[in-house]
Amino acid sequence: MKDDSIITLEVAIERALLDDLLEAAQHRGQSISEFVETVLRREVEVVRHEPVHEIDTTDED
């Protein structure tokens, strides 16, 4: 059976940010994957408590 609870996410970021992420992960004794997952989970919790912002999807053309 295939485990689909873990996916691979490919993103484009500046090299300087990657370097900062690697340094921060090493500082915490985590892999880059563990560190990014921790940061993303924390940010998701913060955003869940913010007011909802509606996105205007109307086309102005």
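Scope of the values below: all heavy atoms of this structure, side chains included, with no hydrogens, waters or symmetry mates.
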Partners meeting salt bridge (charged side-chain N to carboxylate O under 4.0 Å, His left out) with E37 (sequence neighbours left out): R41
For V44, the rest of its hydrophobic cluster, which grows through side-chain links under 4.5 angstrom: none
For R28, the salt bridge (charged side-chain N to carboxylate O under 4.0 Å, His left out) test, sequence neighbours excluded, returns none
Transitive ILVMFWY cluster of L17, excluding itself - 4.5 Å side-chain cut-off: L9, V11, I13, L18, L21, L22, I32, F35, V36, V39, L40
Under a side-chain separation threshold of 4.5 Å, the hydrophobic residues clustered together with I55 are none
Identify all side-chain donor-acceptor contacts of residues 46-54 below 3.5 Å with residues at least two apart in sequence or on another chain.
unit_1, atom_1, unit_2, atom_2, d
R48, NH1, E45, OE2, 2.7
H49, ND1, E45, O, 2.7

Taking all atoms of both residues into account, what is the closest heavy-atom pair of S31 and A25, and its distance? O-CB, 3.8 Å
Which residues share a side-chain hydrogen bond (donor to acceptor under 3.5 Å, both in side chains) with Q26, sequence neighbours left out: none
Give me each pair satisfying side-chain hydrogen bond (donor to acceptor under 3.5 Å, both in side chains) with a member in residues 8-18, each pair once, sequence neighbours excluded. R15-D19
Non-neighbouring partners of S33 that pass side-chain hydrogen bond (donor to acceptor under 3.5 Å, both in side chains), sequence neighbours left out: none
